[in-house]
Structure formats: C-alpha cells, structure tokens
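Only a predicted model underlies this, so the values are computations on that prediction, with no experimental measurement involved. Order of the sequence lines sets the chain letters (A, B, ...), proteins ahead of strands, with each chain counted from 1.
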Protein chains: 2
Amino acid sequence: MGDEFYLSLAIDKAWDCQLLTYPNPAVGAVILDENGQILSIANHQMSGFPHAELNATKEALEAKNSSLKELFATAKNANELYNLIIKNHQNLLKNSTYYVTLEPCAHQGKTPPCANLILAMGAKRVVIGSRDYGKHARGGADLLAQNGIEVKLDVCKARCDELLEPFLRWQSGNFTFFKIALSQNGVATGGVISNLASRTHTHHLRSLVDLMVIGGATVRIDRPTLDARLFSKKSPDILIYSSYANFDPKISLFNIPNREVIISNSLDLAFKKRFVMIEGGENFLRNLDSRVDWILIYRSNEFKSANNINLDMKVKILHRSTFGDGELLWCKRVDMGVNS
Amino acid sequence: MGDEFYLSLAIDKAWDCQLLTYPNPAVGAVILDENGQILSIANHQMSGFPHAELNATKEALEAKNSSLKELFATAKNANELYNLIIKNHQNLLKNSTYYVTLEPCAHQGKTPPCANLILAMGAKRVVIGSRDYGKHARGGADLLAQNGIEVKLDVCKARCDELLEPFLRWQSGNFTFFKIALSQNGVATGGVISNLASRTHTHHLRSLVDLMVIGGATVRIDRPTLDARLFSKKSPDILIYSSYANFDPKISLFNIPNREVIISNSLDLAFKKRFVMIEGGENFLRNLDSRVDWILIYRSNEFKSANNINLDMKVKILHRSTFGDGELLWCKRVDMGVNS
Ligand SMILES: [Zn+2]
Ligand SMILES: [Zn+2]
C-alpha cells in the first residue's frame with residue numbers, strides 16, 4: 001500500500017478529535033515498523049495531552065513489547081510519558097516510518113518537541129501532510145531531514161489542510177461553525193432526533209467554545225438549558241441573536257451559574273471570540289453570515305413525518321463520523337457568500 | 001492492529017462492489033505478508049471475474065515482485081490467472097495471512113477453488129468473517145485447517161453476514177431493494193440531484209437486475225427512459241406499478257428494444273424474480289411492501305428549496321460509499337412490517 005493509504009488512516013483518526021483539541025490542531029499519526037507492519041494509529045485528543053506523534057509512539061512501542069504498557073501507564077502527564085519513552089524504547093522503532101497529518105513540532109511547548117522524539121526513535125522515514133507555518137512550531141521537517149531522515153512532504157495535502165482549517169482560523173482570530181441536527185429526510189427538530197452519542201459530542205463542544213450563539217425564536221419556543229452536562233460542568237457563554245430583548249427569565253439557560261448571556265441583534269461580537277458554535281434552525285441557516293462556512297450536521301437514522309428545513313445551499317462533505325446509530329457530517333459551504 | 005482492523009478493510013472493499021457481483025456474493029480480501037505488512041486489499045467485482053481471494057493474491061504477488069504484473073496481465077480469464085499464479089508465485093506469500101469476508105470456496109465453479117489457491121501459496125493463517133452455508137462451496141475452512149493452516153472463523157461476523165444478505169436472498173429466490181435519490185434536506189426530485197457517479201451506478205444496477213419496478217405516477221409525470229446507457233446497452237425489463245393501464249405509448253421507456261414492460265396493480269410478480277430494483281418516490285416508500293427492507297439512498301451535497309419526502313421510518317445504515325461529491329447510504333428498514 002502507498003503512502004496515501006497510511007496517511008489516510010492518520011487523517012481519519014485525526015478527525016475523531018476534530019475541534020476537541022482546541023486551541024491545538026487536530027492531528028493524526030500512524031507508525032509502521034521496519035517491515036511495514038502498522039504498529040499504531042493515534043491522534044492528539046485534547047490540549048495539554050500528548051501530541052499525536054507521542055501517543056502513536058507509545059502505542060507502537062507497546063505493540064512491540066506489551067510489558068511497556070504498565071510502565072507507560074505510570075506517566076502522570078505528557079512530559080513524563082515522553083521521558084519514559086526516551087529511556088525505555090529499546091530501539092524497538094528503529095527504521096520505522098511515521099505518517100503525520102501535520103509537520104511534527106520542533107519546539108518545547110506544554111509538551112516536548114515531537115521531531116526530537118522521532119529522531120530518538122531512529123525512524124527511517126517521515127511522511128507529512130500539511131506543513132506547519134506557525135512561528136514557533138515550524139522547522140520539524142528540516143530538523144528531521146538534517147539528521148538523515150527521509151522526509152516526504154505534502155502527501156494528501158488538500159485533505160490535511162482541510163483538517164487543519166479550524167486551527168488556522170482560530171489562530172488568526174476566529175473560527176465559527178454552525179451545528180444542526182437533521183433526520184434522514186431533512187427534518188430539524190432540535191435535540192430530539194440526535195442520539196446520546198451525538199448529544200454528548202455537542203455537549204463536549206459546548207464545554208470548549210468561547211461563545212455559543214442561538215436564535216431568539218429558539219430560546220422562546222424550546223426554552224433550552226444549553227449546558228454541557230453530558231460532558232462537563234462548564235457551560236458556555238451565550239449570545240442570543242434577537243432584535244427583541246424581552247425573554248422570560250425563568251428559561252433555564254438564564255439560570256446557569258458562571259455564565260454570561262448577551263442578547264444582541266448583531267453577530268459581530270461572535271466573530272471577536274476565537275471559537276464559536278452557532279446552534280440554529282432553518283432561518284438562521286438560510287441567512288447564515290458569510291463568515292461561517294463550516295456546518296456540522298448530526299444525521300439521525302430516522303425519517304420523520306414533518307417538513308424539512310427548506311433552503312438552497314451546496315456543501316462539500318469534508319468528513320463523516322459515525323455516532324451511535326447516526327452520523328456526523330463535517331461540511332463546508334461551497335457557495336459561500338451567495339446567500340449573504 | 002488486530003484481526004478486526006484488517007477484516008474491516010476487506011469488508012469496506014467488498015461493499016464497493018455490493019450487488020454488482022450478482023448472482024455471486026460481494027466478497028473482500030486482504031493479504032498480509034509474513035511480517036504483517038498489508039500487500040493487497042481486493043474484492044470480487046463481477047460474476048465470471050476472479051474471486052476476491054484470487055484478485056488479492058495477484059495484487060499481493062505483484063506488490064512483492066512488480067515484474068509479475070506484465071505476466072499476470074496476459075491472463076485472459078480467471079482460470080488463466082489462477083494457473084499463472086500457481087506456476088509463478090515463487091513462494092512470495094509463504095506464511096502470509098489472508099483476511100476474507102466469506103469462507104473461501106472449495107469447489108471448482110467458473111473459477112478454481114480459492115481454498116486450494118491459499119494452500120498453494122503456503123499461507124500461515126486465514127481469518128474468515130461469514131461461513132459459507134452453500135451446498136457446493138462450503139468446506140473451504142475445513143480444507144484449510146486439515147492442511148495445517150490456522151483458521152479463525154466468525155470475525156466481524158455480524159457485519160460480514162449483512163454484507164452477504166443480498167446473496168443469501170437471491171439464492172433463496174428474491175432480493176428486492178428500493179432506490180431513491182435525496183438532497184441533504186430530504187428532497188427527492190428524481191435523477192436531477194444525483195451526480196454522474198451515482199447515476200452511472202444506478203445504470204450499472206439497472207443492467208444487472210432481472211426486473212425494475214416503477215410507480216405509475218412517476219411514469220406519467222417524468223416520462224422516463226429507464227435505460228442503462230451510462231453503463232451498458234442492456235436495459236432492464238419494467239414493471240409499472242399502477243391501477244390504470246393507460247399510458248402514453250410515446251413515453252421513452254416503452255420504446256426500448258428487447259425490453260418487456262408489464263403494467264400491474266400488484267408487486268407479486270417482482271418477488272418471483274431473483275434480483276429486483278424499485279425506483280420510486282414518497283408514496284411508494286411510505287407504503288413499501290414488507291418484503292423490501294434494503295433502501296439505497298443516493299445523497300447529494302446540496303440543500304434544495306423544496307419539500308421533503310415526508311414519512312416515518314427508521315433505518316439501520318449498513319454502509320456508506322462515496323460517489324463523486326455525494327454519497328450512497330446502504331440502509332435497512334428496522335421497523336420492518338410496521339407500515340405494511
Ligand atoms: Zn508535537
Ligand atoms: Zn472462491
């Protein structure tokens with residue numbers, strides 16, 4: 001199998017934690033041993049946790065020597081894991097190949113540099129999707145090449161760049177996405193049609209975003225809580241997009257501790273935050289601000305006897321994830337600006 | 001990676017040719033070399049063409065020795081390919097592992113038995129999804145085990161059995177599926193919203209089925225041709241499901257050479273054929289005969305400003321295929337019988 005096959009495995013794995021790594025990029029990594037056997041497929045899961053390369057290295061070493069599992073399980077954080085690996089790798093990954101969706105970092109951040117880890121393992125080859133254009137992290141590919149590792153860049157570049165887009169956007173100030181749940185036949189009836197897995201994923205996202213936007217009509221009709229209880233106690237701040245400021249203060253969302261609720265007839269504030277989720281319905285989507293072009297569609301496994309959301313829009317499907325008996329479609333508007 | 005990972009690759013590959021192998025089963029195969037490197041991922045593509053195991057063996061040998069490509073390309077049919085492989089494999093697949101979604105066949109059919117091929121290659125291990133309960137083909141796993149090969153059965157069994165379902169049904173007399181094209185928001189406006197890739201796939205299916213069923217209203221309104229021109233010159237016979245027999249004879253579907261057109265207010269005839277496709281709309285789906293539970297949904301990448309098909313139905317999504325910028329969902333009704 002060619003490099004694109006293995007990098008595709010890394011890309012799919014990275015998407016499993018897309019957005020959940022905020023403010024870090026979603027990254028996936030695959031390691032083959034010197035004979036070409038897949039040892040590990042791993043990703044970066046969360047800010048402060050090991051980078052994809054470190055997780056993949058840990059799992060690859062454990063695949064070669066299962067007795068290392070117990071040792072690595074004693075690591076209390078990414079730094080400790082890194083150091084345990086450096087001291088105990090027994091050259092098990094000598095002449096291995098690394099596939100990474102993003103150029104390995106070359107700087108000491110919350111975690112030690114991945115490029116140095118790959119060097120320490122004695123890898124023979126590193127295949128990279130997107131280059132890292134960040135000021136601090138770049139240089140990983142050069143460092144590897146200067147140390148005699150065969151480096152191949154820009155494999156599956158377009159798909160790796162898409163994967164990286166939220167990261168690049170929130171680095172440059174703002175990434176805002178629109179989230180909606182739809183039945184198989186396009187009915188959008190709020191949380192009702194999402195299964196537990198997709199509702200938990202939504203709550204996970206709510207716990208991470210800097211602001212959550214919702215339409216005034218939805219607040220009046222659904223009287224939602226908009227917390228993140230299925231994942232975390234941290235509830236997002238809310239912007240209610242509405243021309244009228246009179247809401248029943250007994251609506252649950254107003255009664256969450258440590259939450260700021262803003263009512264505004266403008267979305268401008270949202271685009272000043274770094275990471276923003278809009279939960280809305282038909283009218284919101286129909287008039288979607290041109291600055292929003294990622295749309296997350298949770299699709300249930302049911303047809304519903306009700307009317308669809310009815311609008312014209314073309315999307316590019318970037319990725320599909322399975323959530324319980326339903327799926328999550330990661331979409332990008334391709335007629336950007338037409339409706340706005 | 002475990003056996004389920006590799007068998008999943010074989011399952012996905014098999015789905016690429018699901019139904020297109022009629023009257024044979026859709027089968028996928030993956031081969032790892034003695035070091036665990038993936039050498040090939042292949043499937044059975046069409047009746048009369050090589051079985052999945054033969055295709056995978058060919059590709060695996062070519063991966064080990066690319067000079068074999070030229071030789072194998074001279075094979076005019078599956079038998080010749082089989083014989084070329086037997087004579088020229090150079091023990092390159094000694095101690096390999098085969099992953100197959102279905103127990104390898106043990107009988108001489110249109111093609112020689114795959115179990116013997118695997119034995120001849122000197123494989124060490126064979127991992128099998130579904131067992132073959134057919135009268136003629138079964139015995140492959142026993143033959144392998146009796147010859148010292150480590151055989152593991154029933155891996156990913158539920159998914160492999162689902163994959164096999166159309167085959168088992170047309171073996172027992174009839175497999176009928178319903179096909180519909182939908183926009184992202186559930187609008188069904190006939191062929192308009194399907195892209196070329198999905199229309200070609202539909203034409204491929206039309207060229208294979210023993211009968212195609214369509215509703216009378218669709219015939220009157222759309223005046224369709226219902227040929228298979230994007231794939232083949234062979235157009236399917238048609239059953240128009242209608243209480244009224246008066247149709248404009250100038251409607252194109254009536255003017256296809258070598259085609260039988262039946263007009264009936266009963267679907268009973270359809271269930272007497274082995275392989276039947278229903279192309280219909282909202283009313284057809286709403287009142288779907290309980291004998292039909294596979295539904296193929298071609299989903300475009302567009303939201304359309306129109307009403308959805310509006311009905312209650314729960315499905316299990318068996319598989320997703322990408323078709324151009326859209327996708328094909330292979331679904332099974334899970335509330336079978338509720339509507340009928
Ligand atoms: Zn790193
Ligand atoms: Zn066979």
Side-chain angles (χ1 to χ4, degrees), chain A residues 1-2 5-6 9 30-41 59-60 63 97 180 182-188 193 282 285-286 295 297 299-322 324-327 329 331-335 339, chain B residues 1-2 5-6 9 30-41 59-60 63 97 180 182-188 193 282 285-286 295 297 299-322 324-327 329 331-335 339:
Chain A
M1 314 307 294
F5 173 80
Y6 296 108
L9 296 176
V30 168
I31 300 176
L32 309 189
D33 72 10
E34 60 183 334
N35 296 314
Q37 183 182 32
I38 303 173
L39 296 178
S40 61
I41 304 173
E59 289 176 23
T97 299
I180 194 165
L182 293 178
S183 73
Q184 280 290 326
N185 59 331
V187 178
I193 61 167
E282 178 167 342
L285 189 55
R286 193 194 295 273
I295 299 168
I297 303 173
R299 171 105 51 205
S300 80
N301 64 337
E302 287 177 303
F303 288 73
K304 304 280 273 188
S305 187
N307 292 327
N308 59 341
I309 62 161
N310 190 320
L311 53 94
D312 275 312
M313 183 173 59
K314 193 170 178 182
V315 298
K316 179 179 184 189
I317 297 165
L318 305 174
H319 189 74
R320 299 184 184 91
S321 312
T322 297
D325 50 18
E327 65 175 336
L329 299 173
C331 304
K332 188 170 176 171
R333 259 202 300 187
V334 291
D335 54 355
N339 294 319
Chain B
M1 313 307 294
F5 174 80
Y6 295 108
L9 296 176
V30 168
I31 300 175
L32 309 189
D33 72 9
E34 60 183 334
N35 296 314
Q37 182 182 30
I38 303 173
L39 295 177
S40 61
I41 304 173
E59 290 176 24
T97 300
I180 194 164
L182 293 178
S183 73
Q184 280 289 327
N185 58 333
V187 179
I193 60 167
E282 178 167 343
L285 190 55
R286 194 194 294 274
I295 299 167
I297 303 173
R299 171 105 51 205
S300 80
N301 65 337
E302 287 176 305
F303 289 73
K304 303 281 273 188
S305 187
N307 293 327
N308 58 341
I309 62 161
N310 190 320
L311 52 94
D312 274 312
M313 183 173 59
K314 193 170 178 181
V315 298
K316 179 179 183 190
I317 297 165
L318 305 174
H319 189 74
R320 299 183 184 94
S321 311
T322 298
D325 49 18
E327 64 175 339
L329 299 173
C331 304
K332 188 171 176 171
R333 259 204 298 187
V334 291
D335 54 356
N339 295 319

Discussion item. Tell me the closest heavy-atom pair linking A/Val30 and A/Tyr6, and the distance in Å.
Written reply: CG2-O, 3.7 Å
Discussion item. Is B/Ala63 close to chain A through its backbone or its side chain, or both, or neither, when contacts mean heavy atoms under 4.5 Å?
Written reply: neither
Worksheet item: Between A/Glu302 and A/Gln184, is there a donor-acceptor pair closer than 3.5 Å when you use the side chain of the first and the backbone of the second?
Response: no
Worksheet item: Between A/Leu32 and B/Gln37, is any pair of side-chain heavy atoms under 4.5 Å apart?
Response: no
Discussion item. Under 4.5 Å from any heavy atom of chain A, what part of B/Ile297 do you find: side chain, backbone, both or neither?
Written reply: side chain
Fill in: Main-chain N/O of B/Ala306 paired with A/Asn308 side-chain donor or acceptor, under 3.5 Å
yes
Worksheet, complete the sentence: When the 4.5 angstrom heavy-atom criterion is applied to A/Ile38 and chain B, the contacting part is both
Fill in: Side chain A/Asn185, main chain B/Ile309, donor-acceptor under 3.5 Å
yes
Worksheet, complete the sentence: When the 4.5 angstrom heavy-atom criterion is applied to B/Leu311 and chain A, the contacting part is both
Worksheet, complete the sentence: Given A/Glu327, A/Lys316, A/Glu59, the one with more heavy-atom pairs under 4.5 angstrom with chain B than any other is A/Glu327
Worksheet item: So which of A/Asn307, A/Asp325, A/Leu39 has the largest heavy-atom pair count under 4.5 angstrom toward chain B?
Response: A/Asn307
Item to complete: Could you look at B/Ile295 and say if it's the side chain, the backbone, both or neither that has a heavy atom under 4.5 Å from chain A?
Response: neither
Discussion item. Keeping B/Asn301 on the side-chain end and A/Val315 on the backbone end, is there a donor-acceptor pair under 3.5 Å?
Written reply: yes
Worksheet item: Under 3.5 Å, is there a donor-acceptor pair between the side chain of A/Asp33 and the main chain of A/Asn35?
Response: yes
Worksheet entry | Proximity breakdown for A/Leu329 and chain B, heavy-atom pairs closer than 4.5 Å | side chain
Worksheet entry | Heavy-atom contact with chain B under 4.5 Å, split by part of A/Ile180 | neither
